[in-house]
There are 2 protein chains.
Amino acid sequence: MTQKAPRKQHLIDTAFRLFNERGYHATGIDLILAEAGVSKATLYKHFASKEALILAVLEQRHRQLLEALQQQLDSDPRPQGVLAVFDMLDSWFQTVEFFGCNFIRASGEYSAPEDTIHRFAGAHKTKMGRLLEMHLRPHCPEQSSQIANDLMLLVDGAIVTAQMRQAKDAAKRARMIAQALLLEARCTD
Amino acid sequence: MTQKAPRKQHLIDTAFRLFNERGYHATGIDLILAEAGVSKATLYKHFASKEALILAVLEQRHRQLLEALQQQLDSDPRPQGVLAVFDMLDSWFQTVEFFGCNFIRASGEYSAPEDTIHRFAGAHKTKMGRLLEMHLRPHCPEQSSQIANDLMLLVDGAIVTAQMRQAKDAAKRARMIAQALLLEARCTD
DNA sequence: ACTCTAGTAGACAGATCTGTTCACGTCAAC
DNA sequence: GTTGACGTGAACAGATCTGTCTACTAGAGT
């Protein structure tokens, strides 16, 4: 070992994969270390605790998703550009690494509303919704907030449906509903 | 102790409450026993394992929800009678014991698709959807299946939204979307 | 009275969990 | 070449986990 690659990042990536495959409580530190080929002392040099590692994983994923969504939205300024979020979901659902949403599952495992992890997961959803709202605001300022919330509800519904019932078409269905929603709100061009 | 009340049922009820409050992995057998005031030998007389206890909890909840929904549906045979499911969600969200859906969270913690718990949780959602479909079928036989699936997607989206962001209005929003969906499908009277 | 059932408390096994610590290795920069 | 940063492996502590087992007790039915 002793490769040049930064251990910290490698730990985050490995933990991300294992948390996805197995869940948070069910994934022990030792397994992460074994799969990453990193010693325990190194992990605790970079992260104060398992909770800190979980938060680092969620933070990275949060940044990735936020950036990816923003990029999609920028490429289509029309109101219906927000539907891109469902296309992103759709391709995600087709992958073999799909085990549901990190944030939904984290929120479920750390269920106390005041828990740091629970709140971070909720904040992620809120921020994703805010991106959608910002995109819609110029076109329908009075309804943008509500529509954005409804879209996020559809996003989460699609994720859970795909996760629980292997319904790989859930994103396409949610997209249809969302399209009707925009149309009905007359928030189109 | 040594009350007449059946220990088995009491264990299921206690486990149900604790699993809700804390999650499945995070709730140890010992805590359930202490809270229920029941000895460990008794638990393992009634249940082969913790997994069996979890399944018993989910089975009971499944029966309760199925029955409650069926009752609501029977009381309003109109197509829009299905919207009752969102009214049920709404009153659930207002309670202090709301910690999200047992089945969604179980599906997240036991994420392997072939896991017994995971599959049971998925089957629950499927059966709930089937109830909605049966209700709609007489009114719009061609679309009843798809509409029912869409409604379940909205149900799950509302639950996750309420759980992650304490959005107590999620059920009302989902109901609005569902209503528009029925209207658009011309599945009303 | 006797027996059967259902329960108790609690010790125990063995695994696994997070987190700490320590002695040692490697390698690049200066 | 020496230093210092970074990492390793492994032992260890202490908690907690599921599940088993034994010895005992209370009560109900016959």
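Reminder, nothing fancy here: chain letters follow the sequence lines and each chain counts from 1. Worth knowing before you read on, the calculation uses all heavy atoms, side chains too, and leaves out hydrogens, waters and symmetry mates.
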Exercise. Below 4.0 angstrom, N of the basic side chain to O of the carboxylate: do B:Glu67 and B:Arg63 qualify?
Worked result: no
Problem set entry | Gap separating the CD1 atom of B:Ile32 from the CG atom of B:Asp13, nearest 0.5 angstrom | 12.0 Å
Seminar exercise, completed: DNA chain C nearest-nucleotide lookup for A:Tyr44 and B:Leu43: closer to the 5′ end is B:Leu43
Problem set entry | Interatomic distance where CD1 belongs to B:Ile29 and P belongs to C:dT16 [whole Å] | 17 Å
Problem set entry | Rounded distance in Å - CG (B:Leu53) to P (D:dT18) | 10 Å
For this session: Round to the nearest Å and state the distance from A:Glu51 atom CD to C:dT18 atom P.
Result: 13 Å
Exercise. What's the CD1-P distance between A:Ile32 and C:dG19, to the nearest Å?
Worked result: 11 Å
Exercise. How long is the line joining OH of A:Tyr24 and C1' of C:dC17, in whole Å?
Worked result: 19 Å
Exercise. How close or far is atom C1' of C:dG7 from atom NZ of B:Lys8, stated in whole angstroms?
Worked result: 16 Å
Problem set entry | Ion pair A:Glu133/A:Arg137, N-O distance below 4.0 Å | yes
For this session: Respond yes when some side-chain nitrogen or oxygen of A:Thr42 is under 4.0 Å from OP1 or OP2 of D:dC6, and no when none is.
Result: no
Problem set entry | Closest to side chain of A:Arg7, choosing from D:dG7, D:dT18, C:dT18 | D:dG7
Problem set entry | Rounded interatomic separation in angstrom, taking CZ from A:Phe47 and C1' from D:dC6 | 15 Å
For this session: Output the single nucleotide from C:dT18, D:dG7, D:dG19 whose closest atom is nearest the side chain of A:Asp30.
Result: C:dT18
Exercise. Checking all strands, does B:His25 fall into the base, sugar-phosphate, or nothing category for heavy-atom contacts under 4.0 angstrom?
Worked result: nothing
For this session: Calculate the interatomic distance between A:Leu33 atom CG and C:dC17 atom P; express it in whole Å.
Result: 11 Å
For this session: Tell me whether the centres of the aromatic rings in A:Tyr110 and A:His118 are closer together than 6.0 Å.
Result: no
Problem set entry | Under-3.5 Å donor-acceptor pair between A:Lys40 side chain and C:dG19 base | yes
Exercise. Looking at the side chain of A:Ser39, which of D:dG9, D:dG19, D:dC21 is the nearest nucleotide?
Worked result: D:dG9
For this session: Please state whether the base of D:dG19 and the side chain of B:Lys50 form at least one donor-acceptor pair under 3.5 Å?
Result: no
For this session: Look at B:Lys168 together with B:Asp90 and state whether they make a salt bridge at an N to O cut-off of under 4.0 Å.
Result: no
For this session: Side chain of B:Ser49 only, please: which of C:dT18, D:dT8, D:dG19 is the nearest?
Result: D:dG19
For this session: Check whether any side-chain N or O of A:His46 sits under 4.0 Å from OP1 or OP2 of D:dG7, and answer yes or no.
Result: yes
For this session: Take A:Gly28 and A:Ala41, find for each the nucleotide of DNA chain C with the closest heavy atom, and name the residue whose nucleotide sits nearer the 5' end.
Result: A:Gly28
